[in-house]
Amino acid sequence: MSKRHEKHRERAGQLSNMGKYLARRAGSCCELCLHCSVALSPWEVPPLQAEPDPDRTIFVCDICRQQLEQPKKIDVNHWHCLHKSVWSKVPAVQVIGVAMLHKLKDEDWAQELLEQLYLEPEVSEWVEQALAEAWS
Ligand SMILES: [Zn+2]
């Protein structure tokens with residue numbers, strides 16, 4: 001196993017330890033698309049910290065995760081869920097929601113939603129950092 005792979009596994013272990021906390025926060029529904037009764041897993045919002053931090057991690061379903069990880073696979077229709085989740089009280093969810101809206105900016109509704117949002121300065125800053133990372 002390569003070193004990088006090993007590190008990845010170690011981190012995955014740390015992340016799965018947060019599962020309970022995240023499940024409670026998420027109410028067992030995907031924090032982005034709000035689907036319940038689906039398999040959820042932690043996804044770290046970039047930029048990655050030295051240690052995984054639950055407050056910088058979101059709990060998402062496989063569909064959301066796949067599209068976060070492979071922007072080429074983004075299915076615009078899936079992301080209408082952002083109308084709700086972008087108002088999340090969890091900053092990490094809001095950050096990824098807003099970052100996604102930036103990726104969908106060609107859509108009128110995404111553009112409108114971006115214009116409606118008021119973001120705390122630290123959230124805006126985090127969005128910029130997240131967008132600056134190629135997170136695929
Ligand atoms: Zn989802």
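Both counts, for ligands and for their atoms, begin at 1 and track the order of listing. Scope of the values below: all heavy atoms of this structure, side chains included, with no hydrogens, waters or symmetry mates. The chain is numbered in sequence order, starting from 1.
With E44 contributing its side chain and T57 its backbone, the two residues share no donor-acceptor pair below 3.5 Å. Using a distance-only test at 3.5 Å, with no hydrogens or angles considered, no donor-acceptor pair links the side chain of W87 to the main chain of L82. With hydrogens and angles disregarded, a donor-acceptor distance shorter than 3.5 Å links the side chain of R25 to the backbone of P54. Although no hydrogens or angles enter the test, the distance criterion places no donor-acceptor pair under 3.5 Å between the side chain of Q67 and the main chain of R65.
The hydrophobic cluster around Y21 extends to L15, M18, L22, V38, L40, F59, counting ILVMFWY residues whose side-chain heavy atoms fall within less than 4.5 Å of a member.
Protein atoms of type N/O/S that fall under 2.8 Å from the Zn ion (ligand 1) number 4 in this view.
Atom NE2 of H35 is surrounded by 12 or fewer heavy atoms from other residues, nucleotides or ligands within 6.0 Å.
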